[in-house]
Amino acid sequence: MSNLWIVAGNILQRMLKKPGNFIIHLILPVATSIFIFLIFSSSSSSLIQMAVVDHDQSATSVALLASIENMGKFNLVYVDEEDAAAHMIADNSVSFAYIIPENFEATILNQEEPSIEVQSVGQNEGTAWIGSISDFQIKNVIDMAMASNYDQATYQSLLQKLDQGDLNLVSESVSDESYAKEVVSQSMGMYLMLLMISVTSVSFKVIEERQNGTFARIGMAPVYSKIYTLANILVSMLIVMVQIMMVLFGLKIANMNFYMPQINLFVILFVFALATISLGLMLAAFTKVKEGAGALISLVLTPTCMIAGCFWPFEYMPSYLQKIGYLTPQRWTLDAISKMQITQDFQSILPNLAVVLGFALLFFLIAAYQFENQDKKMG
């Protein structure tokens, strides 16, 4: 056991002895991670661009649009025709178009259910929000029409009084954290990919030692190859622990809100890092040169991050891809983060952490088996 700590100390000393290695293993990953979180955080506070085509031009449509705009989540861009709105969607100047049909107010006064069309290219956070918001606001004006006994003059008088503030309303602001939490989850997905890129560098270290003949030399010395491999893992664990602590500390200074205790987030990320270290070690066991390891890591890392929902909301993916996504440690990690944001209960994520640790153990056993076979062939 003493040899293990001695070897680990020597590896760590060699890795951090050169300023370039210190920048590569600590400064660059931490700075990039903080930058990613801040970029995603700033995007969450920007208004969603929304094209509006109001064919009705009635008191009801004006009041409806005013209520949506007053929420402070959308920037309304008024256009006359649907074709103009479609062009704006195509060139990404707006996220979607909100189209109010003719006779919108008349439909409500006729005690019928009105319909509003939302046009977009695919599903996004804007279309997901506007559907529920629109239904809620339409229900409000329907209730006002019902209160006026569907008399147009009385109904429009109620709308006018509401706009002028003649009606006394008691309101209480409630913070909507759903979108902010979704942004945190997506930024976490990007961070997991960056963490995997940084952590799997252990595989390059092991391959480099194999290329240089270190494994062959230590096989004839008191320090065995298994001890040297385990020492590399311990060094990687220490480096990634410092990385995560520095990232969380930097984001705390920047007032980044993760909607959970930072100590719980640290545990989740560190457990995921253990699985990533084992994954990098397993990939190293099946490659002989660093170039091959780099290609193999890219081949594994990017697709697994995609199906795990690191790049886009997991709910937007087809159901069969969602099932496949749970075959990756990234998915279980992101799911643990979402659970913590909702429940604030650490015990609720223990099954997720157990699964991620299971991935770590599986990858490590495969790597150990492969390394043992290679040692036998060399012997």
Side-chain angles (χ1 to χ4, degrees), residues 29-30 32-45 125 128-129 174-196 198-199 237 240-279 304-317 321-361:
V30 170
T32 306
S33 302
I34 293 177
F35 176 76
I36 288 176
F37 278 111
L38 294 180
I39 287 294
F40 271 84
S41 177
S42 62
S43 66
S44 68
S45 60
E125 68 273 8
W129 273 14
V174 178
S175 177
D176 182 6
E177 298 179 345
S178 59
Y179 180 52
K181 289 180 179 180
E182 180 65 27
V183 171
V184 170
S185 297
Q186 289 307 117
S187 58
M188 273 295 170
M190 296 299 297
Y191 175 63
L192 292 186
M193 180 175 180
L194 182 64
L195 189 62
M196 293 183 75
S198 175
V199 171
M237 290 171 57
V240 75
M241 183 186 299
V242 174
Q243 278 187 19
I244 296 173
M245 291 175 64
M246 291 175 65
V247 169
L248 295 181
F249 179 73
L251 293 174
K252 183 178 182 180
I253 295 177
N255 294 321
M256 180 76 178
N257 189 359
F258 292 103
Y259 302 95
M260 73 181 78
Q262 281 202 336
I263 182 63
N264 293 345
L265 181 58
F266 172 81
V267 172
I268 294 172
L269 294 176
F270 184 70
V271 170
F272 173 75
L274 294 180
T276 305
I277 291 172
S278 297
L279 174 63
T304 55
C305 285
M306 291 174 63
I307 63 174
C310 293
F311 302 149
W312 43 69
F314 189 65
E315 295 76 15
Y316 293 172
M317 296 169 53
L321 284 181
Q322 292 183 19
K323 294 178 182 178
I324 298 175
Y326 280 100
L327 298 177
T328 66
Q330 298 99 303
R331 180 63 251 156
W332 290 94
T333 302
L334 291 174
D335 190 54
I337 293 173
S338 297
K339 285 183 180 178
M340 275 301 305
Q341 289 178 335
I342 298 172
T343 65
Q344 300 290 316
D345 181 12
F346 187 75
Q347 291 186 350
S348 66
I349 66 170
L350 291 180
N352 293 68
L353 298 181
V355 172
V356 177
L357 287 174
F359 276 109
L361 179 60

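Keep in mind that this is a model prediction, so the values were computed, not measured. Values below: all heavy atoms of this structure, side chains included; hydrogens, waters and symmetry mates excluded.
Around CE of M246, the count of heavy atoms belonging to other residues, nucleotides or ligands within 6.0 Å exceeds 12.
Residues M260 and I337 are in side-chain contact: their nearest non-hydrogen atoms beyond the backbone lie under 4.5 Å apart. A 4.5 Å side-chain heavy-atom check between Q262 and F249 finds every atom pair outside the cut-off. Contact check for M340 versus L265: no side-chain heavy atoms found under the 4.5 Å cut-off. For the pair L195 and F272, the minimum side-chain heavy-atom distance is below 4.5 Å. F359 places none of its side-chain heavy atoms less than 4.5 Å from the side chain of V271.
If you take CG on L248 and CD1 on I253, they are separated by 11.5 Å, rounding to the nearest 0.5 Å. Taken from CE in M193 to CE in M190, the straight-line distance is 6.5 Å, to the nearest 0.5 Å. For the atom pair CE of M306 and CG of L321, the computed distance is 9.0 Å after rounding to the nearest 0.5 Å. One finds the CG atom of L269 at 11.0 Å from the CG atom of L274 (value rounded to the nearest 0.5 Å).
In this structure a side-chain-to-backbone donor-acceptor pair under 3.5 Å is present from S338 to L334.
When every heavy atom of M241 is checked against every heavy atom of F266, the shortest pair comes out as CG-CZ, 3.6 Å. The two residues F311 and C305 make their nearest non-hydrogen contact at CZ-CB, 3.8 Å.
In this structure T32 satisfies the side-chain hydrogen bond (donor to acceptor under 3.5 Å, both in side chains) test with no other residue, sequence neighbours excluded. Here A308 pairs with C310, T328, Q330, R331 under the side-chain contact (heavy atoms from CB on, under 4.5 Å) rule; sequence neighbours left out.
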Can you list, pair by pair, the side-chain donor-acceptor contacts under 3.5 Å of residues 349-357, counting residues two or more places apart and other chains?
{"unit_1": "N352", "atom_1": "OD1", "unit_2": "K339", "atom_2": "NZ", "d": "3.0"}
{"unit_1": "N352", "atom_1": "ND2", "unit_2": "W332", "atom_2": "O", "d": "3.1"}
{"unit_1": "N352", "atom_1": "ND2", "unit_2": "D335", "atom_2": "OD2", "d": "3.0"}

